[in-house]
Amino acid sequence: MTINPEAPVRVRIAPSPTGDPHVGTAYIGLINYIYARQRGGKFVLRIEDTDRARFVATSEQEIFNSLRWLGLSWDEGPDVGGPYGPYRQSERTEIYREHCDLLLANGTAYRCFCTAEELEAVRKQQMTAKLPPRYPGTCRHLKPEQVEGNLATGKPFVVRMIVPPHAGEATTSTTFRDELRGDITFEHNNVDDQVLMKSDGFPTYHLANVVDDHLMHITDVIRAEEWISSTPKHVLLYRAFGWQQPRFWHMPLLRNLDKSKISKRKNPVSLIYYRQAGFLPEAMINFLGLMGGGMPSPTAETAAGQPAAKASEADIFSLSDMLARFEVKNIRLGSPVFDLTKLKWLNGEYIRAASPESFFASLRSTILSDSYLSQIAALVQTRIETLGEFGNLTHFFFADDVLPTPEVFIPKKRTLEDTLAFAAEQLTVLEATDWTHETLEPALKQLGEEKQWSVKENFMLLRAIITGSTMSPPLLESMIVFGKARSLDRVRRFLDTQKKLATGKR
RNA sequence: GGCGUUAUGGUGUAACUGGUUAACACGUCGCCCUCUCAAGGCGAAGAGUCCGGGUUCGAGCCCCGGUAACGCUACCA
């Protein structure tokens, strides 16, 4: 049932283009990359774009850029091709359809005609009755002629997998091996009849992932811990198809400082942010490599070879060091906190270790790049009288944080509380808006109307938060040049700081 | 609520097949250096290994029972 241990190693990461590329993707990507490279295997990049509701058009390219920035290159993927393409799931819908039909035909899946509303109602009922929310299985017992009838009338349907026992079968649980934790067992009465094919004709993750991993000859599924609960469904699918299953490795989840799953509300998670804020890719990779402790202990190192000149150097290593010594098997299972403080220290170490030339080159390729500077120049040309004033108007483009005083950011007729509440609303709107003038302006204005904030108050507040001042180049253009990731971070930090100030005063 | 996973200073990690005063790094604090701030150097505080039992001469490592945190519980991944 399990994959032949001799099979050449093939692993993949499968990010979803639903927003900015995520540090979690980089982390899992790194582990997969190391695992493959250490075994002479292949590292595949697959784009899981089956969620059309959350699809973001620019996201895929940003994923490519960010992973390349970190030095994680893939052997097969949408942009580089490969023998098992296409590598974008939206281009494989026919494949999923065929495989879905296979399951329908061999009796391991069925069509379900329940509407979303009906299911929601059932779920609510179950919740109030303190029962686990489960699909009631209504359509599992539909007679063939009922199915035909529904099909004939064009009633929309989804396809669900049958979690055993099937009629006349005794299986009641599924056990699979997690390479890091050992055997994990799930009783089937806790596993729902998962939707495999949505009514829009797109597969869910569960179907697409199993079909693709099989067709792409993936030997090791190395993914985040959040998938453990759905692994039995995947195992059941491999069996339903009669396929060998890969090895499963579930990595610990990166956490916020408060131990919750890492999230943008509590921590910058966008790789674009880290790049634009001036983190070096080497430092980022190094830091991610520290998470989970896959590198051998410093003591083991010194015992074997020469003692580390400086103890802290045990924490400092490159991607190629990791290829030489990292052990995926040694990953610690407790979920590590993504601690910005230590990342910044590490980044500082890399900056200080760089030659003056390469440090300057880093500046010139990021925060002082021609493209960044020329965009900024365009914004201030008509607003300064000597070139020396350039910095007066633009320092916020080059600062890591700005802190407007209450006199600056609170509009005359508003209270601190109202202002912060409105800023929080602005953040929500900005998060959901494409980063162009045409979309930002109406979105912000609409919010202002809803909350009875004048355009002037509205924009002035945001200007204060972003630039630290009430006088600046045009706000939206500035935000666009500054970038979405960093702009959002600035608003979040502003709110955070004000919250801390408020609780401190009490 | 159900199911699953995890658990070593504030944070990341270490501790050989159970074996001495639980180690290193970040952070914090102090001192030195210094025109300032960093960097650098020196030093300190901070955990008795989630809790309770058990096995053992001996437990962070093994066993049992709790607890807590986190994840999943979608026609999202």
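Order of the sequence lines sets the chain letters (A, B, ...), proteins ahead of strands, with each chain counted from 1. When reading the values below, keep in mind they use all heavy atoms of this one structure, side chains included, and skip hydrogens, waters and symmetry mates.
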C1' atoms of rC3(B) and rA14(B), separation to the nearest Å:
33 Å
Can you tell me, in whole Å, how much space there is between the C1' of rG48(B) and that of rG43(B)?
23 Å
Whole angstroms only, please: what is the CZ-P distance between Phe317(A) and rC24(B)?
19 Å
Sort out the partner of rA59(B) for me: Watson-Crick or G-U wobble, both distances under 3.5 Å, none otherwise.
none
Once side-chain contact (heavy atoms from CB on, under 4.5 Å) is applied, do any residues pair with Ala116(A), and if so which ones, sequence neighbours excluded?
none
Check the distance between rC70(B)'s C1' and Ile228(A)'s CD1 and give it to me in whole angstrom.
11 Å
Short question: side chain of Ser270(A), backbone of Ile272(A) - any donor-acceptor pair under 3.5 Å?
yes
Check: Tyr35(A) ring centre within less than 6.0 Å of Phe43(A) ring centre:
no
Whole-angstrom distance between rG27(B) and rC35(B), as gauged at atom P
25 Å
Spacing of Ile285(A) atom CD1 relative to rG12(B) atom P, expressed in whole Å
20 Å
Is it true that Ser66(A) and His22(A) share a donor-acceptor pair across their side chains at a distance under 3.5 Å?
no
Could you work out the separation of rU17(B) and rG53(B) based on their C1' atoms and round it to a whole Å?
26 Å
Is the centre of the His217(A) ring less than 6.0 Å from the centre of the Tyr84(A) ring?
yes
Sticking with atom P, work out how far rG10(B) lies from rU20(B), rounded to a whole angstrom.
23 Å
Between rC62(B) and rA7(B), how far apart are the P atoms? Round to whole Å, please.
11 Å
Atom pair distance, as rounded to whole Å: CH2 in Trp345(A) and P in rA39(B)
12 Å
With both distances under 3.5 Å as the test, what is the Watson-Crick or G-U wobble partner of rG43(B)?
rC29(B)
Please state the C1' separation for the pair rU8(B) and rA23(B) - nearest whole angstrom.
11 Å
Between Arg181(A) and Leu290(A), which is nearer to the 5' end of RNA chain B once each is assigned its nearest nucleotide?
Arg181(A)
Whole angstroms only, please: what is the CD1-C1' distance between Ile316(A) and rC26(B)?
11 Å
Which residues pass the ring pair (Phe, Tyr, Trp, His ring centres under 6.0 Å) test with Phe64(A), not counting sequence neighbours?
Trp74(A)
Base partner of rA69(B), which must satisfy Watson-Crick or wobble distances under 3.5 Å:
rU5(B)
How many Å lie between CG on Asp339(A) and C1' on rU11(B), as a whole number?
5 Å
By the rule that syn is within 90° of 0, classify the base conformation of rG48(B) as syn or anti.
syn
Interatomic distance at C1', rC51(B) relative to rG12(B), whole Å:
25 Å
At 4.0 Å (heavy atoms only), tell me whether Ile184(A) reaches a base, stays on the sugar-phosphate, or touches nothing.
sugar-phosphate
State the pairing partner of rU36(B); accept Watson-Crick or G-U wobble contacts with both distances under 3.5 Å, and report none otherwise.
none
Give the B/S/- string for nucleotides 71-77 of chain B, one per nucleotide from 5' to 3', where a protein heavy atom under 4.0 Å of the base yields B, of only the sugar-phosphate yields S, and otherwise -.
BSSSBBB
Answer yes or no: is there a donor N or O on one side and an acceptor on the other, between the side chain of Lys233(A) and the main chain of Leu207(A), under 3.5 Å?
no
Paired with rC16(B): which nucleotide, if any, by Watson-Crick or G-U wobble criteria at under 3.5 Å for both distances?
none
Looking only at atom types and distance, does a side-chain atom of Asn32(A) sit under 3.5 Å from a main-chain N or O of Val11(A), one as donor and one as acceptor?
no
Whether Arg332(A) contacts rA7(B) is assessed here as follows: a side-chain N or O lying under 4.0 Å from the phosphate OP1 or OP2. Is that the case?
no
